[in-house]
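Quick note on labels: first sequence line is chain A, next is B, and so on, each numbered from 1. All values below come from the heavy atoms of this structure, side chains included, with hydrogens, waters and symmetry mates left out.
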Amino acid sequence: MDLNRLRQDSEFAWRIPAEAPMTVPGILYGDREQILQMDDKVYEQLRNVTLLPGLVGPVYAMPDAHWGYGFPIGGVAAFDADAGGVVSAGGVGFDISCGVRLLHTGLQAADIEDAKSALADSLYANIPVGVGSEGSISLGPESMRDMLEGGARWAVDQGYGCAGDLERTEECGCIPGADPDAVSERARKRQRREMGTLGSGNHYLEVQRVAELFDAGIASAYGLDPDHLVISIHCGSRGLGHQIGTDYLREMLLAASDFGLTLPDRELACAPIHSELGQRYIGAMRAGMNCALANRQIITHLTRAVFREHFPQAELTMLYDVSHNICKVETHVVEGVARELHVHRKGATRAFGPGNPDLDLSLRDAGQPVLIGGSMGTGSYVLAGTADSEHRALSSACHGAGRAMSRRKARREYGGRQVVDELARRGIVVRSPSLRGIAEEAPLAYKDVDRVVDNADRAGLARKVARLEPVVCVKG
DNA sequence: ATGTCC
């Protein structure tokens, strides 16, 4: 990216000045080198977002930002419904409510050293993974509706997990306002047999070792101890979310001229929040969020069953579950005024600071756990939302390492077998149905997650708490 | 991300 087009606000914040016809500036977070290496497409896409109506405050790009569909991945944008604000299917992304759930195991790294391979085999055998993977659960029309309305709460009612899980899940596991009738028949059909499945791409289930702590106080509040094992589950709303995205992108594009919207990019198709279409999309998107929450809840249940076989003493309890592809209605103080905003976070993690009433009391003093998935074979991180993150980026932080090269290029550069062997030499056991997928997800196809997280911390988006290293990885 | 093109 050409730094000459940016104004440097601080060591870690770069501004696209709000020149007409832009109504708000764009802010990119990261160090000089990161911004320099960012694709020009991120600049172009972030600038395009600033041209949408009803924006409040700057639009933001997180340090892991890269080229996405319409909005950059790692993008944050907030709209005021009463000021003509819009909701955008491309601003949420195709994988609605993709997110990360982190579980404690109570085990130490040494406890599983001799059983890593067997554990990997069991996890791989019991948790469906890969493109089009199906589980043993099949939802009829009534159950589908209940799931779309109930989310993880529905899953717990069905026997997948316990009430304690919900206290540690965003929205207590169920976002209100979901509208199953706004979800197409095709979207539901695609999801019928996909509950409790990981999917493909960058989705995974990892057993990880707590490798380093950066804030002992918050780590203690989160129950993170050195050398303890945790489990990260990264997945979303599978075929249902994807179909909702596809359906509404098409509909929003066709309706754009009726709304008098001139789109800077077809991929930024959107609808006024107050329009019938906007409201219908929000209802469908919330159903997609409940689907993702239920999905991660069922996978939690499957994971517990596997661990019970191998380690009867293990107790899998929740640290937290948070989405990084979603539009949420939140109150934020902008220029001294509290406003209700529709905050789009696409590849950006909500990072509520201490005292936020949405947090369970057990987490409220420490702030919200911000769960960052690294690339395969590299570190993952737990951060904490801070009071500062509110005015830095509407309480948002990065979501992962962020891709550094396209999937196609990664396939040309790396062999799947070679990547698996290399990770095995480092003691990381990988199971996946797709060597091609492994090549696309090669660690070097991603940005340096350590640097991304360092800069998220230094930019004041969230505070570093712990670094996690992979031990076992089940990969889509 | 995705029954990797209805």
Side-chain angles (χ1 to χ4, degrees), chain A residues 41 45 64-75 88-101 128-135 137-139 144 183-205 233-251 267 269 284-285 287-289 291-293 295-296 299 323-327 344-349 373 375-376 399-412 416 432-442 445-446 474-476:
Chain A
K41 272 280 180 186
Q45 292 192 320
D64 54 337
H66 56 106
W67 180 11
Y69 186 96
F71 278 61
I73 294 165
S88 164
V92 170
F94 281 91
D95 192 4
I96 294 168
S97 200
C98 181
V100 180
R101 168 176 293 216
V129 55
V131 179
S133 54
E134 297 186 338
I137 300 164
S138 178
L139 298 185
M144 177 65 69
V183 178
S184 69
E185 192 52 44
R186 182 189 280 190
R188 285 186 247 201
K189 194 176 169 196
R190 284 180 67 169
Q191 195 59 31
R192 268 185 68 181
R193 297 175 201 284
E194 288 195 342
M195 295 310 295
T197 68
L198 270 179
S200 65
N202 65 0
H203 290 165
Y204 59 77
L205 182 149
I233 298 167
H234 177 210
C235 62
S237 51
R238 306 286 288 109
L240 181 124
H242 189 269
Q243 191 63 46
I244 292 171
T246 305
D247 292 341
Y248 280 92
L249 272 165
R250 185 190 296 121
E251 207 175 336
E267 295 184 359
M285 175 195 65
M289 179 170 194
C291 176
L293 292 171
N295 194 32
R296 290 194 285 272
I299 292 172
S323 299
H324 48 235
N325 280 3
I326 198 71
C327 173
H344 294 65
R345 294 191 184 88
K346 179 187 189 182
T349 312
S375 57
M376 182 177 50
H399 84 304
R403 290 202 78 88
M405 71 174 70
S406 69
R407 293 188 174 277
R408 177 195 289 265
K409 182 161 187 228
R411 281 201 301 275
R412 278 204 309 268
S432 171
S434 166
L435 284 175
R436 173 180 161 163
I438 294 281
E440 291 178 351
E441 294 292 319
Y446 279 83
V474 175
K475 186 80 183 164

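- Rounded to an integer number of Å, the gap from NE2 of H203(A) to P of dT4(B) is 16 Å.
- The distance from atom CD of E185(A) to atom C1' of dC6(B) is 16 Å, rounded to the nearest whole Å.
- With sequence neighbours left out, H344(A) forms a side-chain hydrogen bond (donor to acceptor under 3.5 Å, both in side chains) with no residue at all.
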Under the salt bridge (charged side-chain N to carboxylate O under 4.0 Å, His left out) rule, what do E440(A) and R436(A) come out as? Steps first, then yes or no, please. CA-CA 6 Å; E440(A) 291 178 351; R436(A) 173 180 161 163; 3.7 Å; yes

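- Here the C1' atom of nucleotide dT2(B) and the CZ atom of F94(A) are 9 Å apart, to the nearest Å.
- If you measure from atom CD of E441(A) to atom P of dT4(B), you get 17 Å, rounded to the nearest angstrom.
- Remark: C1' of dT2(B) and CG of L198(A) are 15 Å apart, rounded to the nearest angstrom.
- The residue G93(A) sits apart from the nucleic acid: no heavy atom pair falls under 4.0 Å.
- No engagement by G245(A) is indicated, since no non-hydrogen atom pair under 4.0 Å with the nucleic acid exists.
- For the pair Y69(A) OH and dT2(B) C1', the interatomic distance rounds to 13 Å; values are reported in whole Å.
- For the pair R407(A) and V131(A), both in contact range of DNA chain B, the more 5′-proximal nearest nucleotide belongs to R407(A).
- The distance between atom CZ of R186(A) and atom P of dC6(B), rounded to the nearest whole Å, is 7 Å.
- H242(A) places its NE2 atom 9 Å from the P atom of dT4(B), with the value rounded to the nearest Å.
- Using a 4.0 Å heavy-atom criterion, one finds that S200(A) contacts the bases of the nucleic acid, with or without backbone contacts as well.
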Let's go through R403(A) and E441(A) carefully: what are the C-alpha distance in whole Å and the side-chain angles of both, what is the deciding distance for salt bridge (charged side-chain N to carboxylate O under 4.0 Å, His left out) to 0.1 Å, and is it a yes or a no? CA-CA 9 Å; R403(A) 290 202 78 88; E441(A) 294 292 319; 3.4 Å; yes

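- Every residue meeting the salt bridge (charged side-chain N to carboxylate O under 4.0 Å, His left out) condition with K41(A), not counting sequence neighbours, appears here in chain and number order: E44(A).
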